[in-house]
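Here's the structure, in C-alpha cells; my notes come after.
Excluded from the calculations below are hydrogen atoms, water molecules and symmetry mates; all remaining heavy atoms, backbone and side chain alike, are included. Index from 1, following the sequence.
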Amino acid sequence: MSFSYYGPLCTAVYDLTKPVGHSLGGDIEFYRHYLQRCKGRILEAMSGSGRVLIPLLEAGLKVDGIDYSMDMIDSCRSRCMERALPMPELFVVDLEKLDLPYRYEAIIIPGGSLLLIQDRQASINALRSLFQHLEPGGKLVFDLFLPDVTQPSSVETSTVPLPDGDTITVEVTTIEVNLLQQYKVSLIRYEQWHQGALVATELQQLTLRWYGIEELRLILEHIGFSDIKVYADFNPNQPPTQSNQKFVYEATRRA
C-alpha cells in the first residue's frame, strides 16, 4: 500500500501541532458523542499518535488502534502511559492486509486520513478490509475533505519549537496536482536544528487522493455497505453543499 509515511521528525511535528485532544472542526466531539451508544469494541483506523483515540479512551470507550507508522504507534503508547490509561491494543498494520483477531461494532477514520492512501485501488481494498472486520450491523464512520488545488506549485515554510530547545523547520512544496486522477502530491522536508547546527533531516511525500461524494457512495455500496449517509461538518441534519465543508460518511454492514 502506498502511504504517506510518518517518520520520527514528522511524528514530532504532528504531536506538537495536533496534540492529543486537539479537535479539527469538532471531530473529536462528534466521534465521542456518536460512539457513546456502542457497547462493544471500537477500532480507529489510521489512529496516529492518539489525537482522537486517547480522548475516546478517557470517555470510557473500548477502542483499539491501527496505523502504518511504528513511530506514531510508539507515540500513542507513550501518551497513554503518561495519562495512566489502560493500554489499548495497538497494531502496526497495512490496511490492505488487515487480519485482526476481533470484529468491531464501529470503525472510525477521523481527520480525513483515508485521503492519505495514494492508490485508488488500495483505498478500495482498505475499505473492503474494514468491512470484513465489522460485526453484522456494525458501522463504518469517517470524514473527508477536498484538498486545496488552487496553487499547483506553491511552497510554504514554518518552524516548530521543540520542548528541548531545538527547532524543526518544515518546507512543504506542491509537486503535482492531477485533477483527472484526483490527487495532489506534496514533498515535505523536515530539518531539526540544535544550536544553529543541522542534526537531522527527513523527507516525506504526502499524497492526498480525493473522491466525489457520489463516487465514494457507489464504492461503499459495491463493497457491500448499506444505509449509507453523507452529511456535512459533523451535523447529521446538514447535507453537503460547499466544497470547503467536511464530509462525513456513515455506512452499515448488513446484519
Note to self: Under the criterion side-chain contact (heavy atoms from CB on, under 4.5 Å), I'd like the reasoning laid out for Met72 against Tyr6: C-alpha separation, chi angles, the key distance, then a yes or no.
What the structure shows: CA-CA 7 Å; Met72 282 291 201; Tyr6 283 64; 3.0 Å; yes

Note to self: Using the rule given for salt bridge (Lys or Arg N to Asp or Glu O under 4.0 Å), can you reason through Lys184 versus Asp148, listing the C-alpha separation, both sets of side-chain angles and the distance that settles it, and then say yes or no?
What the structure shows: CA-CA 9 Å; Lys184 171 185 177 180; Asp148 180 7; 5.7 Å; no

Margin query: Could you go through Tyr190 and Glu171, starting from their C-alpha distance and side-chain angles, then the distance that decides it, and tell me whether this counts as side chain to side chain donor-acceptor pair (under 3.5 Å)?
Written below: CA-CA 7 Å; Tyr190 302 87; Glu171 181 182 86; over 6 Å; no

Next item on the list: Go through the steps to decide whether Asp27 and Val52 satisfy the test side-chain contact (heavy atoms from CB on, under 4.5 Å), and finish with yes or no.
Entry: CA-CA 8 Å; Asp27 65 344; Val52 176; 4.3 Å; yes

Notebook entry, point to check: Please walk me through it: do Glu58 and Arg83 pass salt bridge (Lys or Arg N to Asp or Glu O under 4.0 Å)?
Noted result: CA-CA 9 Å; Glu58 291 173 334; Arg83 291 163 173 78; 3.7 Å; yes

Check: Going through the distances and angles, do Ile219 and Arg120 end up as a side-chain contact (heavy atoms from CB on, under 4.5 Å)?
Finding: CA-CA 11 Å; Ile219 289 172; Arg120 186 178 188 274; 3.6 Å; yes

Note to self: Before you tell me yes or no, could you show the steps for Leu140 and Leu134 under side-chain contact (heavy atoms from CB on, under 4.5 Å), namely the whole-Å CA-CA distance, both residues' side-chain angles and the distance that decides it to 0.1 Å?
What the structure shows: CA-CA 8 Å; Leu140 173 66; Leu134 282 170; 4.2 Å; yes

Notebook entry, point to check: Which is it for Phe247 and Phe145 under the ring pair (Phe, Tyr, Trp, His ring centres under 6.0 Å) test, yes or no, and what are the steps along the way?
Noted result: CA-CA 6 Å; Phe247 310 114; Phe145 59 90; 9.2 Å; no

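Between the Glu202 side chain and the Cys10 main chain, a donor and an acceptor come within less than 3.5 Å of each other. A distance-only check finds a donor-acceptor pair linking the side chain of Ser47 to the backbone of Ile66 [under 3.5 Å]. Of the possible polar contacts, one joining the Arg51 side chain to the His22 backbone as a donor-acceptor pair under 3.5 Å is found. The backbone N or O of Trp210 lies less than 3.5 Å from a partner atom in the side chain of Gln182, making a donor-acceptor pair. No donor-acceptor pair under 3.5 Å is formed between the side chain of Asp233 and the backbone N or O of Gln245. Of the possible donor and acceptor atoms, one in the side chain of Arg254 sits under 3.5 Å from a partner among the backbone N and O of Gly224. Side chain of Glu221 to backbone of Leu218: no donor-acceptor contact under 3.5 angstrom is found. With Asp67 contributing its side chain and Val92 its backbone, the two residues share no donor-acceptor pair below 3.5 Å. A donor-acceptor pair under 3.5 Å links the side-chain atoms of His133 to the main chain of Leu100, judged by distance alone. Between the side chain of Arg253 and the main chain of Pro136, no donor-acceptor pair closer than 3.5 Å is present.
We find the CD-NZ distance between Glu105 and Lys62 to be 14.0 Å, quoted to the nearest 0.5 Å. Annotation: the span from Arg189 atom CZ to Thr201 atom OG1 amounts to 5.0 Å, rounded to 0.5 Å. How far CZ of Arg217 is from CD of Glu214: 4.5 Å, rounded to the nearest 0.5 Å. With values rounded to the nearest 0.5 angstrom, Arg77 atom CZ is found 14.5 Å from Leu85 atom CG. To the nearest 0.5 Å, the span separating CG on Leu43 from CG on Leu130 amounts to 7.0 Å. We find the OG-CZ distance between Ser23 and Phe234 to be 7.5 Å, quoted to the nearest 0.5 Å.
Side-chain contact check for Ser154 and Thr174: at least one donor-acceptor pair (N or O, by modelled atom type) lies under 3.5 Å. Asp64 and Tyr104 share a donor-acceptor pair across their side chains, judged by distance under 3.5 Å alone. Between the side chains of Ser129 and Glu96, not a single donor N or O lies within less than 3.5 Å of an accepting N or O. With no hydrogens or angles considered, a side-chain donor-acceptor pair links Asp15 and Ser49 at under 3.5 Å.
Ring geometry for Tyr249 against Phe142 counts as parallel: the plane angle stays under 30°, on a 0 to 90° scale with 60° as the upper cut.
Of all heavy-atom pairs between Ala106 and Leu35, the closest is CB-CD2, 3.7 Å. When all heavy atoms of Ala126 and Leu95 are compared, the pair lying nearest together is CB-CB, 3.7 Å. Scanning all heavy atoms of the two residues, the minimum distance from Ala251 to Ile228 falls at CB-CG1, 4.0 Å. Looking at every heavy atom in both residues, Leu57 comes nearest to Pro86 through CD1-O, 4.5 Å. Nearest approach of Ala45 to Ile107, heavy atoms of both residues: CB-CG2, 4.5 Å. Heavy-atom minimum distance, Pro161 versus Leu16: O-CD1, 3.6 Å.
Residues Tyr183 and Leu115 fall into different hydrophobic clusters, defined by Ile, Leu, Val, Met, Phe, Trp and Tyr side chains chained together at heavy-atom separations under 4.5 Å. Under a hydrophobic clustering in which Ile, Leu, Val, Met, Phe, Trp and Tyr are joined whenever their side-chain heavy atoms come within less than 4.5 Å, directly or via other members, Leu9 and Trp193 fall into different clusters. Residue Leu203 is not grouped with residue Tyr14 when hydrophobic side chains (ILVMFWY) are merged at heavy-atom distances under 4.5 angstrom, including chains of intermediate members. Grouping the Ile, Leu, Val, Met, Phe, Trp and Tyr side chains by contacts below 4.5 angstrom, directly or via other members, places Ile213 with Leu127. Placement of Ile117 and Leu98 within a single hydrophobic cluster is found when ILVMFWY residues are connected by side-chain heavy-atom separations under 4.5 Å, directly or transitively.
Residues Ile54 and Cys80 are in side-chain contact: their nearest non-hydrogen atoms beyond the backbone lie under 4.5 Å apart. Looking at heavy atoms from C-beta onward, Arg209 lies out of side-chain contact with Gln118 at the 4.5 angstrom threshold. Residues Thr169 and Ser158 have side chains not in contact (no heavy-atom distance under 4.5 Å, counting atoms from C-beta outward). Counting heavy atoms from C-beta on, the side chains of Thr159 and Val170 never come closer than 4.5 Å. Using a 4.5 Å heavy-atom cutoff, the side chains of Pro55 and Ile28 are in contact. Proximity of Ser186 to Thr173: side-chain heavy atoms (C-beta onward) are nowhere separated by under 4.5 Å. Using a 4.5 Å heavy-atom threshold, the side chains of Leu24 and Lys246 count as touching. Using a 4.5 Å heavy-atom cutoff, the side chains of Leu220 and Phe131 are not in contact.
Within 6.0 Å of the CE atom in Met87, the count of heavy atoms belonging to other residues, nucleotides or ligands exceeds 12. In His222, the NE2 atom is not crowded: 12 or fewer heavy atoms of neighbouring residues, nucleotides or ligands sit closer than 6.0 Å.
Applying the side-chain contact (heavy atoms from CB on, under 4.5 Å) test between Val172 and each of Leu206, Leu187, Ile188 identifies Ile188 as the sole match.
A cation-pi geometry, defined here as NZ or CZ lying under 6.0 Å from the six-membered ring centre and within 45° of its normal, does not hold between Arg32 and Tyr34. By the 6.0 Å and 45° rule, Arg41 stacks over the aromatic ring of Tyr102.
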